[in-house]
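Working notes, structure below.
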Protein chains: 2
Amino acid sequence: MSKPSTKAKIIDIADQLFYEFGYEHTSFASIAGEVGISRGNFYHHFKSKDEILSAVIDRRLMNTQQLLDDWHDEGKTAEGRIKCFINILITNRAKIKLFGCPVGSLTNELVKLEHSSLPGANKIFILFKDWLAKQFLALGHVKDAEKLALHLLARSQGIATIASAFHDEAFLYQEAETLNQWLSSYA
Amino acid sequence: MSKPSTKAKIIDIADQLFYEFGYEHTSFASIAGEVGISRGNFYHHFKSKDEILSAVIDRRLMNTQQLLDDWHDEGKTAEGRIKCFINILITNRAKIKLFGCPVGSLTNELVKLEHSSLPGANKIFILFKDWLAKQFLALGHVKDAEKLALHLLARSQGIATIASAFHDEAFLYQEAETLNQWLSSYA
DNA sequence: GTCTATATAATGATAGAC
DNA sequence: GTCTATCATTATATAGAC
């Protein structure tokens, strides 16, 4: 592994800070501080804050695709693969409890800013949705695959919202179990 | 009806703007502009921006309590009353599609700001939760009333998140129907 | 109670030396 | 590629006249 470039470091740190503190609340000063560079250096790599957001979204898209590919190898059955999705709520419980879902909370913010990167952020949702729909299709739900996929996506979003509002980790366990029960009625 | 005081007007406008553009993104200048007063006049009524947020949350708490009281009179049965809750997704579809849920999107933001008003905003969630739990209790779900209430709350949150991200009103109709079906299995 | 004028700090962004 | 210095703008907030 070669050492990460400054540009890669900026994207990595911005990704974290946008998640933990929100896009607008994260300043160049705080990113620069974390990366260990000066604010001026910043604009050598990115022309604007929006451009960093774009890069962060692209990074998240890549990471999400990688995650889905990994799940495809892990899960032997379509049901098992959907369970991988549900299980993020448990795997990422510590962060979800504190900051909610990275995708949902970002779109939530971009919606209110009427930000031009909302469609980009939505692409992450769509990656999940299409992947889930493929699994439901494999389970024989030819007509309802899309609907079931979006339904599950919404369910996971709501769980993350409530869990983060109340900083309630137990709720994540409880609702992940409820989702698995729901899934078994479709598998 | 006496004409609303300047203070009441500020709270009313701030409530709308916080919903549509977010708390942090809403400036004093924009509130003052909408109300039709100068920025300086502002601080005669509120000592800080946080204090306005507090007042907005108090207002939302009162309005929510009023809404729940109205539903109590409207719905003849516990099931009917829960359906009133589910039906907000339809009644408020135009705004939810554009800005999400006022409660969920506010807590989402306050979580990331680590804002001291998060517990206050959560009280709105708790009002809904306790009211819903009471209805599920009336339906005979003695042991699961709390769990079912929070589950339904989370479901509605997720639906609002997805609907606003994609500006998709049809999804609100589709999922409200799914929720009503879910409810009928508990009623 | 409302206004104008202003203080102060932080923001995103630029210019130019090294 | 990184830095320092700086700009223009905006933000919250204050002081004091009317």
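Below, each value reflects all heavy atoms present in this structure, side chains not excepted, and no hydrogens, waters or symmetry copies. Chain identifiers are assigned alphabetically (A, B, ...) following the order of the sequence lines, protein sequences preceding nucleic acid strands; residue numbering begins at 1 within each chain.
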Review point. Which residue pairs pass the salt bridge (Lys or Arg N to Asp or Glu O under 4.0 Å) test when at least one of the two sits in residues 40-57 of chain B, sequence neighbours left out?
Key: none

Revision key, fill the gap. Residues pairing under side chain to side chain donor-acceptor pair (under 3.5 Å) where one sits in residues 178-187 of chain A, two or more places apart or in two chains, turn out to be Glu177(A)-Gln181(A)

Point to revise | Note: Glu34(A)-Lys9(A) ion pair, threshold 4.0 Å (strictly below) | key: no

**Study point:** Presence of His44(A) side-chain N/O under 4.0 Å of dT2(D) phosphate oxygens OP1/OP2
**Key:** no

Practice item. Quick one, give me the B/S/- string for nucleotides 4-18 of chain D, reading 5' to 3', where B means a protein heavy atom under 4.0 Å from the base and S means that only happens at the primed atoms, P, OP1 or OP2. Key: B-B----SBBB----

Review point. Under the side chain to side chain donor-acceptor pair (under 3.5 Å) test, which residues partner Lys129(A), sequence neighbours left out?
Key: Glu146(A)

Point to revise | With Tyr173(A) via side chain to side chain donor-acceptor pair (under 3.5 Å) - residues at least two apart | key: Arg93(A)

Exercise for review: Please work out which residues in residues 10-19 of chain B have a non-hydrogen atom less than 4.0 Å from an atom of DNA chain D and list them by number.
Suggested key: none

**Study point:** With Arg59(A) via side chain to side chain donor-acceptor pair (under 3.5 Å) - residues at least two apart
**Key:** Asp12(A), Asp15(A)

Check your understanding: In whole angstrom, what separates Lys7(B)'s NZ from dG1(C)'s P?
Key -> 10 Å

Review point. Tell me, which pairs form a salt bridge (Lys or Arg N to Asp or Glu O under 4.0 Å) where one or both residues lie in residues 99-127 of chain A, sequence neighbours left out?
Key: none

Review point. By the rule that ILVMFWY residues connect when side-chain heavy atoms come within less than 4.5 angstrom, directly or transitively, which residues belong alongside Met62(B)?
Key: none

Practice item. Output the single nucleotide from dT2(D), dC3(D), dT2(C) whose closest atom is nearest the side chain of Ile37(A). Key: dC3(D)

